[in-house]
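All remarks here apply to the structure that follows.
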Protein chains: 2
Amino acid sequence: MRVPESKNIALGETQQDLIIFLKQHHLTITKTRIKIIELFQESESALENNLIEKKTQHQFDRITVYRTLQAFLKTGIIHAIPTYSNSIRYALCKGDCNEHAHIDNHLHFICEKCGKTICLDKADISIIQLPKDYTIHKADAILSGICNVCKTAK
Amino acid sequence: MRVPESKNIALGETQQDLIIFLKQHHLTITKTRIKIIELFQESESALENNLIEKKTQHQFDRITVYRTLQAFLKTGIIHAIPTYSNSIRYALCKGDCNEHAHIDNHLHFICEKCGKTICLDKADISIIQLPKDYTIHKADAILSGICNVCKTAK
DNA sequence: GTAACTGCAAAATATTTGCATCCTT
DNA sequence: AAGGATGCAAATATTTTGCAGTTAC
């Protein structure tokens with residue numbers, strides 16, 4: 001298949017788009033990878049290894065899921081999100097991230113009730129004033145509280 | 001010992017101050033707790049369980065360290081810091097935190113070179129605009145890059 | 001003396017690595 | 001056919017829990 005050249009590698013809706021997307025990131029096409037990317041697309045909140053295993057009903061080996069996430073991370077498809085717990089969460093990169101450049105400055109919200117981690121793309125944290133003698137590569141804000149769903153659910 | 005009443009429970013320099021501090025937080029005084037608080041005071045960067053074990057030269061059982069951290073966390077002496085890794089880091093609360101109220105809105109900087117996590121107290125992230133339908137209890141910003149020490153060390 | 005803290009054992013959870021086998025290109 | 005991806009086994013790291021012995025108040 002011919003892979004279109006593009007600076008802005010965007011993730012389309014159809015499975016065909018998804019295959020192109022993976023190829024653009026120089027990843028081989030496998031059932032695992034397609035399924036896990038689809039999961040990320042469906043989910044509005046961040047995912048951790050454990051959660052992916054459950055959502056795929058243990059269709060794939062736990063280790064395969066770890067390795068898939070590592071491959072996605074390395075090629076800039078997903079990014080890690082800092083958490084207060086001891087498991088690493090990931091979410092799809094919305095921007096123009098790839099192996100070489102990773103732009104990932106945004107807000108993350110962790111709900112204290114349901115535990116979901118949600119990327120809030122609209123907000124921008126570049127307004128934060130930084131100390132002079134530090135070089136900043138990446139900025140992440142973690143907000144915690146009660147999310148919109150849990151609030152209305154009471 | 002008479003424990004002075006105070007709204008602003010502050011941590012003093014001497015070991016005597018430290019004992020008063022622990023009592024104000026309704027914690028019994030033990031060798032472990034004194035040593036670990038002292039460690040936090042000495043260290044300008046955040047500590048994880050592992051690191052505390054090493055710094056105390058395994059003087060205390062690993063499990064005791066975990067439980068000490070939990071006690072400190074519960075009484076508002078320390079706060080957890082979100083990380084990209086799978087171990088939980090803690091730092092002393094500088095403000096007026098206690099069992100009931102926890103004010104902890106500040107910047108955390110993680111150095112990509114030396115791995116240190118540093119609390120940058122001066123900066124304030126309350127200026128971040130938040131979505132309307134979310135209730136925020138706590139805000140934390142994680143900046144990563146190169147810290148002042150590693151920068152000059154080259 | 002009583003309640004709380006500590007240490008050992010054991011278990012649960014999260015993640016990594018090695019190797020043989022299978023799938024993608 | 002070759003290289004990469006997968007799955008199983010095994011190992012490591014982090015954290016939690018139970019229980020008996022010790023310490024703080």
Side-chain angles (χ1 to χ4, degrees), chain A residues 1-3 15-16 18-37 46-54 56-75 77-78 80-90 99 115 117, chain B residues 1-3 15-16 18-37 46-54 56-75 77-78 80-90 99 115 117:
Chain A
M1 190 196 295
R2 193 77 177 76
V3 178
Q15 184 151 318
Q16 205 49 237
L18 213 153
I19 289 173
I20 293 173
F21 178 74
L22 283 173
K23 290 205 180 190
Q24 283 174 322
H25 284 280
H26 307 106
L27 289 169
T28 40
I29 315 306
T30 69
K31 218 186 281 180
T32 318
R33 289 174 178 178
I34 290 175
K35 181 66 192 169
I36 292 181
I37 289 209
L47 299 175
E48 58 191 56
N49 207 89
N50 195 332
L51 210 61
I52 293 172
E53 280 180 70
K54 278 180 197 153
T56 54
Q57 283 146 335
H58 305 273
Q59 185 183 159
F60 312 107
D61 192 84
R62 172 178 310 178
I63 286 86
T64 303
V65 177
Y66 277 112
R67 285 196 268 227
T68 303
L69 291 174
Q70 274 163 11
F72 285 178
L73 190 65
K74 195 180 163 196
T75 51
I77 293 177
I78 60 174
I81 298 173
T83 66
Y84 291 102
S85 75
N86 53 320
S87 66
I88 306 172
R89 284 190 185 167
Y90 302 94
E99 206 162 343
T117 302
Chain B
M1 188 195 298
R2 192 80 177 75
V3 178
Q15 185 151 318
Q16 206 49 235
L18 213 153
I19 289 173
I20 294 173
F21 178 74
L22 282 174
K23 290 206 180 191
Q24 283 173 321
H25 284 281
H26 308 106
L27 289 169
T28 40
I29 316 305
T30 69
K31 216 185 283 180
T32 319
R33 288 174 179 178
I34 290 174
K35 181 68 193 166
I36 292 181
I37 289 210
L47 300 174
E48 58 191 55
N49 206 89
N50 196 330
L51 210 61
I52 293 172
E53 281 180 70
K54 278 179 197 155
T56 54
Q57 282 146 334
H58 306 273
Q59 183 182 161
F60 312 107
D61 191 84
R62 171 178 311 179
I63 285 85
T64 302
V65 177
Y66 276 111
R67 284 194 270 228
T68 303
L69 290 175
Q70 274 163 10
F72 286 177
L73 190 63
K74 196 181 161 194
T75 52
I77 293 177
I78 60 174
I81 298 173
T83 65
Y84 291 102
S85 75
N86 50 319
S87 65
I88 305 173
R89 284 191 184 164
Y90 301 94
E99 205 162 345
T117 301

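Every chain is numbered from 1 and lettered A, B, ... according to where its sequence line falls, protein lines coming before strand lines. Every value quoted in this text rests on a predicted model; they were computed, and no experiment measured them.
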Mind checking the OH-OG1 spacing from B/Y84 to B/T117? Nearest 0.5 Å is all I need. 11.0 Å
For nucleotides 23-25 of chain D, print each protein N/O atom paired with a nucleotide N/O atom at under 3.5 Å, atom names and distance only.
from: D/dA24; atom 1: O3'; to: B/I29; atom 2: O; distance (Å): 3.4
from: D/dC25; atom 1: OP1; to: B/I29; atom 2: N; distance (Å): 3.1

Would you name the heavy atoms of B/Y90 and B/A80 that are closest together and state the gap between them? CD2-CA, 3.8 Å
Quick one: B/L22 CG to C/dA4 P, roughly how many Å, whole number? 16 Å
Taking every non-hydrogen atom, the tightest pair across B/K35 and B/T56: CG-CG2, 4.0 Å
Taking distance alone, no hydrogens or angles, what donor-acceptor pairs closer than 3.5 Å link side-chain atoms of residues 57-64 of chain B to residues at least two apart or in another chain?
from: B/D61; atom 1: OD2; to: B/I63; atom 2: N; distance (Å): 2.9
from: B/R62; atom 1: NE; to: B/E53; atom 2: OE1; distance (Å): 3.2
from: B/R62; atom 1: NE; to: B/E53; atom 2: OE2; distance (Å): 3.4

B/N86: side chain to side chain contact (heavy atoms under 4.5 Å, CB included) partners, not counting sequence neighbours: A/I88
Distance from A/R33 atom CZ to A/T28 atom OG1, nearest 0.5 Å? 4.0 Å
Kindly give the heavy-atom pair with the smallest separation between A/I19 and A/I29, and that separation in Å. O-CD1, 3.7 Å
Any idea which heavy atoms bring B/L27 and B/A71 closest together, and the distance? CD2-CB, 4.1 Å
Rounded to the Å, how far apart are B/K35 NZ and C/dT6 C1'? 18 Å
Grab the CZ-P distance between A/R33 and C/dC23 for me, whole Å please. 15 Å
Exercise: identify the closest heavy-atom pair between B/I81 and B/A46: CD1-CB, 3.6 Å
For atom CD1 of B/I36 and atom P of C/dC5, their distance in whole Å: 13 Å
Quick one: bend of the helix from C/dG1-D/dC25 to C/dT25-D/dA1 from 5 pairs per end, to 10°? 40°
Using a cut-off of 4.0 Å between protein heavy atoms and nucleotide atoms, how would you tag nucleotides 7-16 of chain C 5' to 3' with B, S and -? BBB----SBB
Here the distance between atom P of C/dT6 and atom CD1 of B/I34, to the nearest Å, is 11 Å
Would you please name every residue forming a side chain to side chain contact (heavy atoms under 4.5 Å, CB included) with A/L51, sequence neighbours left out? A/L47, A/E48, A/K55
Decide yes or no on side-chain hydrogen bond (donor to acceptor under 3.5 Å, both in side chains) for A/T83 and A/R89, but give the supporting numbers first. CA-CA 7 Å; A/T83 66; A/R89 284 190 185 167; 5.9 Å; no
